[in-house]
Undergrad: 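Here it is, the structure in full.
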Number of protein chains: 2
Amino acid sequence: MKQEERSQETRSRILQAAERSFAERGYDITSVDSICRAAEISKGGFYHHFPSKGAVFAALLDAWLARLDAGFLRAKEGHARVPDQIAAMAASIDSIYDLAGSSWNILLEVWAKARTDPAAQASTLTTLRRYQRFFAELLQRGVDEGSLTVDDVELQARVLLSAVLGLLLQGILEGGSADWGRETKRTVSFMMDGVVRRTR
Amino acid sequence: MKQEERSQETRSRILQAAERSFAERGYDITSVDSICRAAEISKGGFYHHFPSKGAVFAALLDAWLARLDAGFLRAKEGHARVPDQIAAMAASIDSIYDLAGSSWNILLEVWAKARTDPAAQASTLTTLRRYQRFFAELLQRGVDEGSLTVDDVELQARVLLSAVLGLLLQGILEGGSADWGRETKRTVSFMMDGVVRRTR
DNA sequence: TAATATAGACCAACCAGTCGGTTTGTTATT
DNA sequence: AATAACAAACCGACTGGTTGGTCTATATTA
């Protein structure tokens, strides 16, 4: 096997093992040794690829945020009218639950770490504000194209964002049962119809 | 000083010190030694009062939930009409922020721990469901007394609960700035007026 | 041979919890 | 009131075990 290829593979094995353990057991409890065991790698290998345990977490967080960004772009590129786009987003909720599985758990880990780690806090707040802007722009577009009636865009966007965050949090705490995915979808659909009043 | 009095005092000193450190630095990072130092107590004293570090956390959680229960009872005893009661609750939001200060931080710690610790998960889920029921009953009472129009009580209660949770989460992550308290209050007020439509 | 990748023994720091012993407060006895 | 007997509160050195990280040696690739 080529060198770079091999290196890349072990690196991703480490990341995978770390992500699983961080999500399932939490950052602090997860030891570097256990990551090495799960990744079938030695400690030397680990520290050859990453300078510290925290660096692995940071890399994981970056990857997560990058995936989120990709989702943003895709959502923005859709040229459907806003109510339809919102409906589509709501419909895709439970597939997101399935797809990501327990990987949402790491979100809670990030939030918990954000209280201590300034870097984690910064990227968390940045992400939240980006979501806020995303929702606000979506609603504004709806107003502009005449498909929505919204009194206060920023405020309503915050309500939407908060509710989604709350649902996500509950979903994580519930342990990601299939039931919860369905309930979440129902709730979001209702919210979209109720909170965001369509223009008559 | 009397024996029981003294004992009670050191016990509460331990609890106070532990709460602060758990909230500021997190459960795992906080060492028993540091708690002892902050409480100006020896390790022997610590383990005289509590069987383990986890027991301190559990005691803290119980106290927190008890305070929550007290709040519930007070809210239920109010005999105002539902829209007024909701308005009053919204108005008291930022005072809650001030009062509790950083003690909300411990909520995030509980949530993070809930993924690992079955006891923490159980009490977290129980609390969430109790809140869900609380909101649902509140809305139902509004419908019964003819002051609210609500399509689906359970669903709308979930929206309310989720949004409040999301706001709380953001508040904790923001570090509890005064700004956020005001914004939260505005958002909740708006939500109460918007999501829960008054009967015309 | 040179550079990169992996191995695993090793280390200092730290941590939760223990234990033998001391101080302080309470109760019973004289 | 003085003392003895007891129990609860407290102390801090110590232990067994774990942790994140280092270092030297070996293997693989270029």
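Reminder, nothing fancy here: chain letters follow the sequence lines and each chain counts from 1.
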Undergrad: Nearest nucleotide by nearest heavy atom, which residue falls closer to the 5' end of DNA chain D, A/Arg37 or A/Gly44?
TA: A/Arg37
Undergrad: Quick one: A/Asp28 CG to D/dT18 P, roughly how many Å, whole number?
TA: 17 Å
Undergrad: Can you check whether A/Ser7 has a side-chain N or O nearer than 4.0 Å to OP1 or OP2 of C/dA5?
TA: yes
Undergrad: 5'-most contact on DNA chain C: B/Tyr27 or B/Arg6, nearest heavy atom basis?
TA: B/Tyr27
Undergrad: Under 4.0 Å, counting only non-hydrogen atoms across every strand here, what does A/Thr30 touch: a base, just sugar-phosphate, or nothing?
TA: sugar-phosphate
Undergrad: Round to the nearest Å and state the distance from B/Phe46 atom CZ to C/dG17 atom P.
TA: 8 Å
Undergrad: Ring-plane angle category for B/Phe46 and B/Phe50, please: parallel below 30°, perpendicular beyond 60°, tilted otherwise.
TA: tilted
Undergrad: What is the ring orientation for A/Tyr27 with A/Phe22, classed by angle as parallel under 30°, tilted 30 to 60°, or perpendicular over 60°?
TA: tilted
Undergrad: For the side chain of B/Thr10, counting heavy atoms from C-beta on, which of D/dC10, D/dG21, D/dA9 is nearest?
TA: D/dC10
Undergrad: Checking the side chain of A/Lys53 only, and the main-chain atoms of A/Thr30 only, is there a donor and an acceptor separated by less than 3.5 Å?
TA: yes
Undergrad: Does C/dA5 have its OP1 or OP2 closer than 4.0 Å to a side-chain nitrogen or oxygen of A/His48?
TA: yes
Undergrad: How do B/Lys43 and B/Glu4 order along DNA chain D: which one's closest nucleotide is nearer the 5' end?
TA: B/Glu4
Undergrad: So does A/Glu40 have more than 12 non-hydrogen atoms from other groups sitting under 6.0 Å from CD?
TA: no
Undergrad: Nearest whole angstrom, please: distance from the P of C/dC14 to the NZ of B/Lys53.
TA: 15 Å
Undergrad: Could you check how far CZ of B/Arg25 sits from C1' of C/dC15, rounded to whole Å?
TA: 15 Å
Undergrad: Under the 3.5 angstrom rule, does the side chain of B/Gln132 hit a backbone N or O of B/Glu154 as a donor-acceptor pair?
TA: yes
Undergrad: Should A/Ser42 be listed as having a side-chain N or O under 4.0 Å from OP1 or OP2 of C/dA7?
TA: yes
Undergrad: Can you tell me the distance, in whole Å, between the CD atom of B/Gln3 and the P atom of C/dT24?
TA: 12 Å
Undergrad: Measure CD1/B/Ile29 against C1'/C/dA13 and give the value in whole Å, please.
TA: 16 Å
Undergrad: Let me spell it out: for each of B/Asp33 and B/Lys2, pick the nucleotide of DNA chain C with the closest heavy atom. Which residue's pick is nearer the 5' end?
TA: B/Asp33
Undergrad: Given atom CZ of B/Phe50 and atom P of C/dA16, what is their separation to the nearest angstrom?
TA: 15 Å
Undergrad: Round to the nearest Å and state the distance from A/His49 atom NE2 to C/dT6 atom C1'.
TA: 8 Å
